[in-house]
Amino acid sequence: MALITRCPICGTAFRVQPEQLSARGGKVRCGKCSSVFDGVAALVEEGTERLALEPSPQLGLFDPSRRPAAAAAQEAVPLPQFMAEPDVPQRRWQWLWGFLALLAVLGLAAQATYRFRAELTATMPVVRAPLDAACRMLGCTVQLPRRPDLMSIDSSELQADPRRRGVIVLNAVLRNRARFVQDYPALELTLTDEAERPVLRRVLAPRDYLDAARAAQLLSHGIAPGGEASLRVYLDSSRSPATGYRLYLFYPS
């Protein structure tokens with residue numbers, strides 16, 4: 001269906017298609033005087049008067065600085081139905097993309113909470129109860145933080161037990177240099193010969209070096225911020241005579 005619109009400046013009439021007006025919000029430029037006007041507001045009925053039709057005006061060249069005052073006053077004219085319909089699907093897509101973006105943000109927040117759940121419970125104890133409940137449903141556990149770079153061995157000593165032949169005693173002090181509670185680390189003890197070659201290597205889990213009667217309680221509380229933990233371990237070295245040792249701490253993956 002062809003429509004006829006008239007330039008309000010020079011009075012020239014043009015025949016246009018509804019699709020042309022819809023594509024640019026109805027804004028057209030007169031092909032004769034170059035004025036920009038609202039082609040929808042300037043529509044006229046064919047047959048009411050004799051019209052001298054010119055070629056279709058230029059479309060898509062809207063420039064607000066060149067808009068005449070007469071065209072500005074016609075903005076309040078309601079748009080025809082064919083002009084209003086294309087906006088509805090666009091609004092629906094905007095809502096859909098907004099909803100998907102919200103889901104993505106919530107997913108990232110959930111992943112970060114799961115990954116750093118130990119640090120969260122250490123810095124904000126109030127969140128431990130809901131995180132424990134969530135982990136029971138997901139089949140995970142909320143462990144104490146494990147930062148080996150903030151845990152150190154302040155001192156260590158390996159001596160022969162004077163009361164038992166072939167038994168050595170390891171004494172060490174662990175220090176938590178973090179500002180939050182940390183889990184007890186595992187220890188790797190390597191005995192070496194005179195050439196510093198390893199002759200015996202043993203991994204000590206926290207339950208291997210903590211007091212058996214208090215191990216459960218100590219493990220649940222961890223090492224306090226800035227706190228230390230002393231340990232003593234007896235080892236049988238009768239089959240592997242050694243002259244030196246190396247001691248490291250780590251957290252099993």
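As a basis for the values below, the full set of heavy atoms in this structure was taken, side chains included, without hydrogen atoms, waters or symmetry mates.
Separation of atoms OG (S253) and CZ (R146) is listed at 9.5 Å; rounding is to 0.5 Å. In this structure, CG in L158 is found 7.5 Å from CG in L235, a value given to the nearest 0.5 Å.
Shown here for R207 and A215, the closest heavy-atom pair between the two residues is NH1-CB, 4.0 Å. Among all heavy-atom pairs drawn from P148 and L249, the shortest one is O-CD1, 4.2 Å. In terms of heavy-atom proximity, L170 sits nearest to L204 at CD2-CD1, 4.2 Å. Between L191 and A242, the shortest heavy-atom distance links the atoms CB-CB, 3.7 Å. The nearest pair of heavy atoms linking S34 to R29 is O-NH1, 3.1 Å.
Applying the side-chain contact (heavy atoms from CB on, under 4.5 Å) test to V173 and every residue at least two apart in sequence or in another chain returns D154, S155, E228, S230. For P225, the side-chain contact (heavy atoms from CB on, under 4.5 Å) partners are V181, not counting sequence neighbours. Scanning for side-chain contact (heavy atoms from CB on, under 4.5 Å) contacts around R214 gives D211, L218, with sequence neighbours left out. Shown here are the side-chain hydrogen bond (donor to acceptor under 3.5 Å, both in side chains) partners of D193, two or more places apart in sequence or in another chain: R197. A search for side-chain contact (heavy atoms from CB on, under 4.5 Å) contacts involving N171 returns E157, V169, R232, not counting sequence neighbours.
Inter-residue side-chain proximity for C33 and T12 is flagged as unmet; no heavy-atom pair is nearer than 4.5 Å. For the pair L187/D208, no side-chain contact is recorded, criterion being any heavy-atom separation below 4.5 Å from C-beta on. Looking at heavy atoms from C-beta onward, R177 lies out of side-chain contact with M151 at the 4.5 angstrom threshold. In this structure, the side chains of F37 and K27 stay at 4.5 Å or more apart for every pair of heavy atoms. P206 has its side chain within reach of L219: a pair of non-hydrogen atoms, C-beta onward, lies under 4.5 Å apart. Considering only heavy atoms from C-beta on, D161 stays 4.5 Å or farther from Q159 through its side chain. Taking 4.5 Å as the limit, some side-chain heavy atom of I223 sits within range of a side-chain heavy atom of Y184. In this structure the side chain of T192 never reaches within 4.5 angstrom of the side chain of V199, judged on heavy atoms.
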Using the rule given for side-chain contact (heavy atoms from CB on, under 4.5 Å), can you reason through L189 versus V233, listing the C-alpha separation, both sets of side-chain angles and the distance that settles it, and then say yes or no? CA-CA 11 Å; L189 174 64; V233 183; over 6 Å; no
Output, in order, the C-alpha distance, side-chain angles, deciding distance and verdict of side-chain contact (heavy atoms from CB on, under 4.5 Å) for L174 and Y209. CA-CA 12 Å; L174 306 178; Y209 63 76; 3.8 Å; yes
Working note: C7 + K32, criterion side-chain contact (heavy atoms from CB on, under 4.5 Å); need CA distance, chi angles, decisive distance, verdict. CA-CA 9 Å; C7 174; K32 189 169 185 179; over 6 Å; no
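At distances below 3.5 Å, at least one donor-acceptor pair connects side-chain atoms of N176 with backbone N or O atoms of A224. Counting only distance, with no hydrogens or angles, the side chain of T243 and the backbone of E194 share a donor-acceptor pair below 3.5 Å. Here the side chain of D183 pairs no donor or acceptor atom with the backbone of G222 at under 3.5 angstrom. The backbone N or O of A229 lies less than 3.5 Å from no partner atom in the side chain of R175, so there is not a single donor-acceptor pair.
Remark: R147 fails to qualify as a cation-pi partner of Y251 under the 6.0 Å distance and 45° angle criteria applied to the six-membered ring.
One side chain, Y245 or S156, offers a donor N or O that lies under 3.5 Å from an acceptor on the other.
At a threshold of 4.5 Å between side-chain heavy atoms, the hydrophobic network of Ile, Leu, Val, Met, Phe, Trp and Tyr places L210 and I153 in one connected group.
Shown here is F99, whose CZ atom has no more than 12 heavy atoms of other residues, nucleotides or ligands within 6.0 Å. Summarising the local packing, CD of E196 is surrounded by 12 or fewer heavy atoms from other residues, nucleotides or ligands at distances under 6.0 Å.
With a 4.5 Å cut-off between side-chain heavy atoms of Ile, Leu, Val, Met, Phe, Trp and Tyr, the cluster of F250 takes in V203.
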